[in-house]
Trainee: 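Here you go, one structure.
Since we're looking at a predicted model, the values are computed, not measured.
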Amino acid sequence: MTTLLGVLLGFATAFSQCFAYIFSRMFVMQHRNAFWKLLLVSHLYMGLVCLLGLPFLWTDTLPPLQDYLLP
């Protein structure tokens, strides 16, 4: 079951990446090469999605921060 889930998520990622390229290109063309604006807006959206998903995905079984901070 985990292998099937991994394959399906891989396909979904590849499919999403195609659309991300198309919409990024449309944004840059519409806003006259405003790639910095695209970078800013996309990172704001990614941060918002991460903050919204954090309460549902947080687990108490994470290793201590010092175990993986430097590597």
Trainee: Identify, with sequence neighbours excluded, every residue that meets ring pair (Phe, Tyr, Trp, His ring centres under 6.0 Å) alongside F15.
Mentor: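 Expected list: F19.
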
Trainee: What's the separation between atom NE2 in H31 and atom CE in M26, rounded to the nearest 0.5 Å?
Mentor: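 Going from the NE2 atom of H31 to the CE atom of M26 covers 10.0 Å.
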
Trainee: Table please: side-chain donor-acceptor pairs of residues 60-71 below 3.5 Å, with sequence neighbours left out.
Mentor:
unit_1: D60; atom_1: OD1; unit_2: W58; atom_2: NE1; d: 3.4
unit_1: T61; atom_1: OG1; unit_2: T59; atom_2: OG1; d: 3.4

Trainee: At what distance, to the nearest 0.5 angstrom, does OG of S24 lie from CD1 of I22?
Mentor: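 Atom-to-atom, S24:OG and I22:CD1 are 10.0 Å apart.
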
Trainee: Could you give the side-chain donor-acceptor pairs of residues 43-55 under 3.5 Å, partners two or more places apart or in another chain?
Mentor:
unit_1: H43; atom_1: ND1; unit_2: L39; atom_2: O; d: 2.9

